[in-house]
Q: 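The structure follows.
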Amino acid sequence: LLKIGENSDSKSEKQISATRKIYFNALKYAAVAVLVLSVGTLIYLGINRKNPNTETQQLVFTEIELPKTIILPDSSVVTLNKETEIFYPEVFSGASRNVEIIGEAFFEVTPNPQIPFIIKAGNTQIKVLGTSFNVYAYPASETVEVVVETGKVQVSGFETEKQNPEDVFLEPGEKATFNKKDKKLSKQKNNDPNYNSWKTYSLVFKESKLSYVIDVLEKTYHVEIQAENPEIENEVLVAEFNNKPIEFILDVIRLTFNLELSVEDGRYILKSSNS
């Protein structure tokens with residue numbers, strides 16, 4: 001019996017020793033894995049600091065109806081319309097200041113002739129040194145539009161029929177339009193005084209058909225307006241509004257053309273008066 005007991009103890013000690021060996025080996029491999037991971041992280045961060053193309057990207061997205069204003073790292077000011085995204089680095093570095101816009105925004109770029117400000121907007125690229133302008137580049141729109149208020153802007157279309165990007169140079173009061181379907185970039189005088197009414201809430205209507213007025217009001221106030229018949233849309237309005245609520249403007253239209261105004265399911269309805 002004593003001999004059997006001694007063999008059992010010896011076998012148990014061997015099992016404990018093997019278990020300890022496996023445990024310590026596991027700890028050793030875990031420590032090596034942590035060390036490799038830490039070193040890899042440090043290398044990655046070091047590369048990121050040196051490579052401007054991998055800088056931390058900031059994203060601002062606005063869902064609210066009111067415009068949202070942000071200040072970029074170079075002190076440039078950007079006002080975002082509803083449902084607009086802008087991507088920009090935490091710090092501008094390198095030979096240019098690069099941002100990307102999806103939606104609509106008004107830029108007031110801090111001048112820096114040595115480091116141009118470059119915006120990617122849909123199928124176009126906008127290059128400036130210091131100026132103010134409006135960019136319209138919603139994905140659902142058939143066009144990308146740039147309207148210059150001050151300074152000078154260079155607009156390039158990346159999907160033009162030519163092999164090389166087509167350039168258009170804009171000065172104050174001029175507009176560039178890129179047609180996504182035709183892949184053509186054109187330049188014209190800006191004849192729309194309400195191109196940035198979504199930002200200023202200043203509206204000018206000079207013998208404007210109500211069809212145009214309704215379109216501007218919908219874009220400015222992010223509402224839905226319906227005219228009961230085409231005759232209403234053909235009425236001509238002459239008026240100016242400065243920072244007035246949508247209800248005030250629609251009431252002026254109602255009184256001017258002897259219409260009825262109602263609200264159904266959050267939508268404004270203009271109807272011919274029965275009186």
Q: Between Glu104 and Lys68, does any side-chain N to carboxylate O distance fall below 4.0 Å?
A: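 Between Lys68 and Glu104 there is no salt bridge, as every charged N stays at least 4.0 Å from the carboxylate O atoms.
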
Q: Test your reading of the model: is there a side-chain donor-acceptor pair from Thr177 to the backbone of Ser186, 3.5 Å cut-off?
A: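 No; zero donor-acceptor contacts below 3.5 Å.
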
Q: Compute whether any side-chain donor of one residue and acceptor of the other, for Asn229 and Ser272, lie under 3.5 angstrom apart.
A: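 Indeed, the side chains of Asn229 and Ser272 share at least one donor-acceptor pair under 3.5 Å.
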
Q: Answer with yes or no after comparing the ring centroid distance for Tyr201 and Tyr221 against a 6.0 Å cut-off, counting only values under it.
A: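 Yes.
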
Q: Output all residues satisfying side chain to side chain donor-acceptor pair (under 3.5 Å) with Glu149, sequence neighbours left out; order by chain, then residue number.
A: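 Residues passing side chain to side chain donor-acceptor pair (under 3.5 Å) with Glu149: Tyr195.
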
Q: When hydrophobic residues are tied together by side-chain contacts of less than 4.5 Å, even through go-betweens, does Leu129 share a cluster with Phe106?
A: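 Different hydrophobic clusters.
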
Q: In Å and rounded to the nearest 0.5 Å, what is the CG to CD1 distance from Leu80 to Ile70?
A: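 Interatomic distance, Leu80 CG to Ile70 CD1, rounded to 0.5 Å: 5.0 Å.
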
Q: Checking the side chain of Thr143 only, and the main-chain atoms of Asn179 only, is there a donor and an acceptor separated by less than 3.5 Å?
A: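 Here the side-chain-to-backbone pair does not exist.
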
Q: Spell out, as yes or no, whether a donor-acceptor pair under 3.5 Å connects the side chain of Asn123 to the backbone of Phe178.
A: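 Pair absent, no side-chain N/O of Asn123 close to backbone of Phe178.
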
Q: With a 6.0 Å cut-off (strictly less than), is the heavy-atom count around CD of Glu207, excluding the residue itself, greater than 12?
A: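 It does not: Glu207 CD has 12 such atoms or fewer within range.
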
Q: Can you tell me if Asn190 uses its side chain to pair, donor with acceptor, with the backbone of Pro193 under 3.5 Å?
A: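 No, because the side chain of Asn190 does not come within donor-acceptor range (under 3.5 Å) of the backbone of Pro193.
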
Q: Would you compute the distance between atom CG of Leu261 and atom CD1 of Ile253 and round it to the nearest 0.5 angstrom?
A: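 Going from the CG atom of Leu261 to the CD1 atom of Ile253 covers 9.0 Å.
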
Q: Is atom NZ of Lys187 surrounded by more than 12 heavy atoms (other residues, nucleotides or ligands) closer than 6.0 Å?
A: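 Enclosed: over 12 neighbouring heavy atoms sit under 6.0 Å from NZ of Lys187.
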
Q: Is there a donor-acceptor pair closer than 3.5 Å between any side-chain N or O of Asp182 and the backbone N or O of Lys184?
A: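 A pair under 3.5 Å: no.
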
Q: Does Pro230 offer a backbone N or O that forms a donor-acceptor pair with the side chain of Glu233 under 3.5 Å?
A: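 No, because the side chain of Glu233 does not come within donor-acceptor range (under 3.5 Å) of the backbone of Pro230.
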
Q: Determine which pairs satisfy side chain to side chain donor-acceptor pair (under 3.5 Å) with at least one residue from residues 240-251, sequence neighbours left out, and list them in order.
A: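 Residue pairs with at least one partner in residues 240-251: Ser202-Asn242, Glu247-Tyr268, Asp251-Arg254.
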
Q: Does a side-chain N-to-carboxylate-O contact under 4.0 Å join Glu224 and Arg267?
A: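 Looking at Arg267 together with Glu224, the answer is yes, because their closest N to O distance falls below 4.0 Å.
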
Q: Tell me, yes or no, whether the heavy-atom count around Lys199 atom NZ, taken from other residues, nucleotides or ligands under 6.0 Å, exceeds 12.
A: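 Yes - once you tally the heavy atoms of other residues, nucleotides and ligands closer than 6.0 Å, there are more than 12.
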
Q: Is it the case that the side chain of Arg97 and the backbone of Asp74 share a donor-acceptor pair, with hydrogens and angles ignored and the cut-off at 3.5 Å?
A: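 No: the side chain of Arg97 does not pair with the backbone of Asp74.
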
Q: Listed by chain and number, what are the side chain to side chain donor-acceptor pair (under 3.5 Å) partners of Asp192, not counting sequence neighbours?
A: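 Partners of Asp192 under the side chain to side chain donor-acceptor pair (under 3.5 Å) test: Tyr212.
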
Q: Checking Ser197 side chain against Asn194 main chain: does a donor-acceptor pair fall under 3.5 Å?
A: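 At least one qualifying donor-acceptor pair exists.
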
Q: Verify, without hydrogens or angle tests, whether Thr256 (side chain) and Val252 (backbone) share a donor-acceptor contact under 3.5 angstrom.
A: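 Side chain of Thr256 to backbone of Val252, a donor-acceptor pair under 3.5 Å: yes, one is there.
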
Q: Lys271 and salt bridge (charged side-chain N to carboxylate O under 4.0 Å, His left out): which partner among Glu260, Glu228, Glu264?
A: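 So, applying the salt bridge (charged side-chain N to carboxylate O under 4.0 Å, His left out) to Lys271 and each of Glu260, Glu228, Glu264, only Glu264 qualifies.
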
Q: Is any NZ, NE, NH1 or NH2 atom of the basic residue among Lys181 and Glu142 found under 4.0 Å from an Asp or Glu carboxylate oxygen of the other?
A: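 Looking at Glu142 together with Lys181, the answer is no, because their closest N to O distance does not fall below 4.0 Å.
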
Q: Treating Ser141 as the side-chain partner and Pro139 as the backbone partner, does any N or O pair qualify as donor plus acceptor under 3.5 Å?
A: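 Here the side-chain-to-backbone pair does not exist.
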
Q: So that I can tick it off, tell me whether Glu145 and Lys175 are bridged by a salt bridge, with the cut-off set at under 4.0 angstrom between side-chain N and carboxylate O.
A: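 Answer for the salt bridge query: yes.
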
